[in-house]
Each structure stands twice: as C-alpha cells, then as structure tokens.
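Because only heavy atoms are used, hydrogens play no part in the values below, and waters and symmetry mates are left out as well, while side chains stay in. Predicted, not measured: the structure shown is a model, and the values here were computed from it.
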Amino acid sequence: MGRSPCCEKAHTNRGAWTKDEDARLIAYIRAHGEGCWRMLPKAAGLRRCGKSCRLRWINYLRPDLKRGNFTQEEDDLIVKIHSLLGNRWSLIAGKLPGRTDNEIKNYWNTHIRKKLLSWGVDPATHRPIKIGSICFERRREEDGAEAQHPQPKCPVDLNLELCISPPLQQATSSSSRSVN
DNA sequence: AAACCCACCAACCGCGATACA
DNA sequence: GTGTATCGCGGTTGGTGGGTT
C-alpha cells in the first residue's frame, strides 16, 4: 500500500510563492504562532499544502533569518561540522544562527564542495582524493598539471582529518552526538 | 542580438521518525 | 502492540539570471 499524498494536489498552488501568499502566511503565524502545519493553509486562506507552508516560513520568511553571503568564519565552521556529522544539514544549521538547513545545503553543493574538490579533498570523507591507489595530489605532480595550472592550496589551519569528538567509550555506548 | 551554458537557489518529493488513538 | 497521521529531514529538480560564444 502506497503512502497517501500529504495534500490534495488538484486544489493546491505549486511553484513560486506570490507576495500575497507570503503576506497571508506571515500574518497567520504572527497571530497564531508556528505549528499544526496541516491545518495552517486552510486557516490562513492559502491554497498550499502544509509542507510547502512550513518550508516557505523556515527557509525564507522567518524574521530571524540572516540573508546574504556566508562569511569566512561560517564557511570554515560548515566544513568542520560537516567533517564530523556529514550531511546532517539541520544539525549544522543549528550551529549557524540565522542560517537554514536548505541554505547551508545549497551553499555546500555550489561552493564548498567545489572548493574542496579543487584542493583535492573528497567532500564526502574530508580526506585527500585517491584515484585507484594513487593519491590525487601526487598524480597532479606526476603529470605536471600543477606547473601549468597551479591549484589553490588547502589552508594550513583547516584540519580536514576526520576527528570524531565523542570519546571512544561514548561512541560505543551511546549513539547520541553533539557538536559544541 | 540570439543562442547557449552554467551557477544559484527556491521549492518539491520521498521517506524515516515520532506522536497518538 | 499496531496502524495512521503528521512532522522534519535530506536529496533532487527546475526556473531564472548572468556570463560567454
């Protein structure tokens, strides 16, 4: 048995939100607060599914959101936390006030991922990329590509070695993890 | 000026987790 | 203990704008 859809697609708007829809959503949440996303669209007079309302609020309309470019500090922090937690975007977002998981995920995929790859670092493991048994960086030296197209170097102070913070006994006795 | 390419990002989709009857 | 509804997360898609040919 398949999962039932979260909403009746035939009677809901899809795609980009209009100013009027944004205004209705903001007004409703200011008056009633967040929560019960399932009921919200009907109560707010929106032809959207609750999921869509929640996403729009969290990723775009929340008043505490910090818009604009990521700072170098945020950039470094994302890389460091990602090396510990992997693609746990909501957890990473929790360490970056004013940033959303979606925003960080997009930033990772469009900026940081490419930057790490250009350094010869695997974005998934945060370890030097190896091709077969040959290290990526060594290959570059061997084929002379480095001389013709010098690559940016990984910052010295950015520790990309995997470093799981919980002590060994915690790692074996508990699955809960925290980053501070 | 037009066509094409690419990067960015808002939004959607599917699924696991959780709450509740 | 089980089934259902809802929430929240992560992966992916698609529209748009800017740059290049």
What's the closest nucleotide to the side chain of A/R38 if the choices are B/dA10, B/dC8, C/dT6?
C/dT6

Salt bridge (charged side-chain N to carboxylate O under 4.0 Å, His left out) against A/E74, all qualifying residues, sequence neighbours excluded:
A/K66, A/R99

List for me each residue that meets salt bridge (charged side-chain N to carboxylate O under 4.0 Å, His left out) alongside A/R62, sequence neighbours excluded, and say none if there are none.
A/D64

Report, one line per pair, each donor and acceptor closer than 3.5 Å where one atom sits in a side chain of residues 21-36 of chain A; sequence neighbours left out.
residue, atom, partner, partner atom, Å
A/E21, OE1, A/T18, N, 3.0
A/E21, OE1, A/T18, OG1, 3.4
A/E21, OE1, A/R48, NH2, 3.0
A/E21, OE2, A/N13, ND2, 3.1
A/E21, OE2, A/R48, NE, 3.1
A/D22, OD1, A/R56, NE, 2.8
A/D22, OD1, A/R56, NH2, 3.3
A/D22, OD2, A/R56, NH2, 2.7
A/R24, NE, A/D20, OD2, 3.2
A/H32, ND1, A/Y28, O, 3.2
A/E34, OE2, A/W57, NE1, 2.9

For A/W57 and C/dC7, what is the distance between atoms CH2 and C1' respectively, to the nearest whole Å?
18 Å

According to a strict under-4.0 Å criterion, is A/R48 in side-chain N/O contact with OP1 or OP2 of B/dC12?
yes

Nucleotide B/dA11, atom P - distance to CD of A/E103 in whole Å:
13 Å

OP1 or OP2 of B/dA11 under 4.0 Å from side-chain N/O of A/R14:
no

Between A/R54 and C/dC9, does any side-chain N or O lie under 4.0 Å from OP1 or OP2?
yes

Applying the 4.5 Å side-chain criterion to the ILVMFWY set and letting contacts propagate, would A/I58 and A/L40 be lumped into a single cluster?
yes

Counting side-chain heavy atoms from C-beta on, which of B/dA10, C/dG10, B/dC12 comes nearest to A/Y60?
B/dA10

Below the 4.0 Å mark, does C/dC9 have OP1 or OP2 next to a side-chain nitrogen or oxygen of A/S90?
yes

Taking CG from A/N59 and C1' from B/dC8, how many angstroms apart are they, rounded to a whole number?
15 Å

Between A/W108 (CH2) and B/dA7 (C1'), how many Å, whole number?
18 Å

Non-neighbouring partners of A/N106 that pass side chain to side chain contact (heavy atoms under 4.5 Å, CB included), sequence neighbours left out
A/N102

Give the rounded distance in Å between these two atoms: CH2 of A/W17 and P of B/dC12.
8 Å

Could you give the CG-to-C1' distance, from A/D22 to B/dA10, as a whole number of Å?
11 Å

Send over the distance from A/N69 CG to B/dC9 P, rounded to a whole Å.
8 Å

Under 3.5 Å, N/O pairs linking protein and nucleotides 11-18 of chain C:
residue, atom, partner, partner atom, Å
C/dG11, OP1, A/N87, ND2, 2.9
C/dG11, OP2, A/N87, ND2, 3.4
C/dG11, OP2, A/W89, NE1, 2.9
C/dG11, N7, A/K105, NZ, 2.5
C/dG11, O6, A/K105, NZ, 3.0

Should the pair A/W108 and A/W89 be assigned to parallel (<30°), tilted (30 to 60°) or perpendicular (>60°) ring geometry?
tilted

Could you tell me the separation between the CD1 atom of A/I104 and the P atom of C/dC9, rounded to a whole number of Å?
12 Å

When you get a sec, tell me which of C/dC9, B/dA7, C/dC7 is the closest nucleotide to the side chain of A/K114?
B/dA7

With sequence neighbours excluded, tell me which residues meet salt bridge (charged side-chain N to carboxylate O under 4.0 Å, His left out) with A/D75.
A/K115

